[in-house]
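Numbering starts at 1 and runs along the sequence shown.
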Amino acid sequence: MHTMPARLPNWPDLLAAFIEQRRHMPFQWGSNDCATFAADALLHITGQDPLGSLRGRWATEAQALQVLAGMGGLPAAARRVLGRPSRVPMAAPRGALV
């Protein structure tokens with residue numbers, strides 16, 4: 001089970017700046033899709049990249065699906081990258097990836 005890296009001391013400001021930076025950026029596979037957006041947010045507030053070696057492996061929907069299939073599907077890929085989900089999602093702390 002993975003644990004979320006410690007957040008940087010000024011993480012709320014970093015997260016707000018990241019969201020403002022991405023506010024008008026269009027969806028793009030591999031650089032601003034659901035997975036990369038979430039990973040980039042975590043990178044900004046922790047300094048650590050949860051995608052690691054997966055980054056840059058897709059630039060199209062078909063490639064993303066191929067990467068996911070190779071990891072056993074979306075739930076398995078999410079567990080591999082983020083760890084087991086919380087048993088109590090409503091108790092997630094402020095700034096958690098949900």
Side-chain angles (χ1 to χ4, degrees):
M1 179 170 153
H2 299 281
T3 58
M4 183 171 160
R7 296 179 192 146
L8 298 171
N10 59 336
W11 73 266
D13 294 331
L14 294 170
L15 182 58
F18 169 76
I19 291 170
E20 187 58 35
Q21 171 192 5
R22 289 288 187 81
R23 183 177 303 280
H24 299 291
M25 184 181 280
F27 180 95
Q28 184 171 353
W29 288 105
S31 62
N32 196 42
D33 55 35
C34 299
T36 55
F37 179 87
D40 289 349
L42 288 175
L43 176 60
H44 273 74
I45 68 171
T46 67
Q48 296 184 32
D49 187 0
L51 280 182
S53 64
L54 294 173
R55 197 171 283 280
R57 291 191 47 203
W58 66 91
T60 66
E61 179 180 12
Q63 291 170 339
L65 291 172
Q66 189 173 35
V67 169
L68 287 174
M71 296 177 76
L74 180 58
R79 280 191 303 276
R80 178 175 158 192
V81 172
L82 300 171
R84 298 193 85 128
S86 170
R87 291 180 190 224
V88 187
M90 295 302 290
R94 181 174 162 240
L97 182 61
V98 294

Visitor: Is there a path from L68 to L54 through hydrophobic residues (I, L, V, M, F, W, Y) whose side chains come within less than 4.5 Å of each other?
Guide: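 No, L68 and L54 fall in different hydrophobic clusters.
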
Visitor: For the CG atom of D49 and the CZ atom of R55, what is their distance to the nearest 0.5 Å?
Guide: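 Separation between the atoms: 4.0 Å.
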
Visitor: Considering the options R22, R23, Q21, which one meets the side chain to side chain contact (heavy atoms under 4.5 Å, CB included) requirement together with I19?
Guide: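 Filter result, single survivor: R23.
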
Visitor: Quick check: does any side chain N or O of N32 sit under 3.5 Å from a backbone N or O of P26, one acting as donor and the other as acceptor?
Guide: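 Here the side-chain-to-backbone pair exists.
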
Visitor: With rounding to the nearest 0.5 Å, note down the distance linking CD1 in I45 to CZ in F18.
Guide: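 The CZ atom of F18 is 10.0 Å from CD1 of I45, to the nearest 0.5 Å.
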
Visitor: CZ/R7 to OG1/T46 distance, rounded to the nearest 0.5 angstrom?
Guide: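 Those atoms lie 9.5 Å apart.
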
Visitor: Would you compute the distance between atom CZ of F27 and atom OG1 of T36 and round it to the nearest 0.5 angstrom?
Guide: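 Going from CZ on F27 over to OG1 on T36, the span is 7.5 Å.
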
Visitor: Using a 3.5 Å distance criterion without hydrogens, assess whether the side chain of Q63 forms a donor-acceptor pair with backbone atoms of A59.
Guide: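 Between the backbone of A59 and the side chain of Q63 there is a qualifying donor-acceptor contact (under 3.5 Å).
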
Visitor: Do S31 and M25 come close enough that some side-chain heavy atom pair is under 4.5 Å?
Guide: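 No. Closest side-chain heavy atoms not under 4.5 Å.
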
Visitor: Are the side chains of D33 and W58 in touch, meaning some heavy atoms are under 4.5 Å apart?
Guide: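 Touching, per the 4.5 Å side-chain cut-off.
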
Visitor: So how far is it from Q66 CD to R57 CZ, rounded to the nearest 0.5 Å?
Guide: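 Separation between the atoms: 8.5 Å.
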
Visitor: What I'd like to find out is whether the side chain of R80 reaches to under 4.5 Å of the side chain of M71, using heavy atoms alone.
Guide: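 Answer yes - side chains close enough.
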
Visitor: Testing the basics here: between L51 and A35, what is the closest heavy-atom pair and its distance to 0.1 Å?
Guide: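 Taking every non-hydrogen atom into account, CD1-O, 4.3 Å.
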
Visitor: Test of understanding: clusters of I, L, V, M, F, W, Y form through side-chain heavy atoms closer than 4.5 Å, transitively. Do F37 and W29 belong to the same one?
Guide: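 Yes: a chain of side-chain contacts under 4.5 Å links F37 to W29.
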
Visitor: How long is the span from the CD atom in E20 to the CG atom in L15, to the nearest 0.5 Å?
Guide: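 Between atom CD of E20 and atom CG of L15 there are 12.0 Å.
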
